[in-house]
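First up is the structure itself, then whatever we jot down about it.
FYI, side chains are in, hydrogens and waters are out, and symmetry mates aren't considered; it's all heavy atoms of this structure. Chain naming here is simple, since letters A, B, ... match the order of the sequence lines and numbering starts at 1 in each.
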2 protein chains.
Amino acid sequence: MSHVSDIETLSRMAYEQLEIDANRIVQLIEVQMDNLTMPQCPVYEEVLDTQMFGLSKEINFAVRLGLVDKDRGKEILEHLEKEVSKVHDAYYKHKEKNRV
Amino acid sequence: MSHVSDIETLSRMAYEQLEIDANRIVQLIEVQMDNLTMPQCPVYEEVLDTQMFGLSKEINFAVRLGLVDKDRGKEILEHLEKEVSKVHDAYYKHKEKNRV
């Protein structure tokens, strides 16, 4: 193995791990919604904020090591925010439908 | 540069960055104490918990990439906890002394 492919492997692993963690956050939010913790609830906000903070720390760490590109790191966070919004919207639509 | 030294360099960088972040947390706690936010205050607890959570996320991430040894990662967190305790103790001793 050349040294380039090793660092490349590590970089790819870094992206993979960040994706896994981002997906875990989406799942956590879904579980919270399913268990009827309302998004207006401070606990929900806190969980989301803390998880986003944790992921941003990981991304920042990977960027500092040169394993993850700064802009791509930002994109991971932005993508996660969009996914969380989708979960919100699905929750509200479901609530709306069941109100009849 | 051999591939080993590259991964070794990255691993050393990972430890350095974790140390920097742990020191930043100690400094943040010191600043909070200096600004008279009491350690009994929930805001203080929350800041400390969130920061510890962030650092543990970074450590876990580095461990998963094989850059940081699991036990040494734990030691970084334990060392930080001890440093934070020292800051607490210094604060209380100072308070005690000025009570006369």
Original post:
Is any side-chain heavy atom of A:D6 closer than 4.5 Å to a side-chain heavy atom of B:I7?
Top reply: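 Yes, at least one pair of side-chain atoms sits under 4.5 Å.
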Original post:
Can you name the residues of residues 51-68 of chain A that have some heavy atom under 4.5 Å away from a heavy atom in chain B?
Top reply: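 Contacts with chain B: A:Q51, A:F53, A:G54, A:K57, A:E58, A:F61, A:A62, A:R64, A:L65, A:L67.
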Solution key, residues 76-83 of chain A side-chain donor-acceptor pairs under 3.5 Å, sequence neighbours excluded:
| from | atom 1 | to | atom 2 | distance (Å) |
| --- | --- | --- | --- | --- |
| A:E83 | OE2 | A:K86 | NZ | 3.1 |

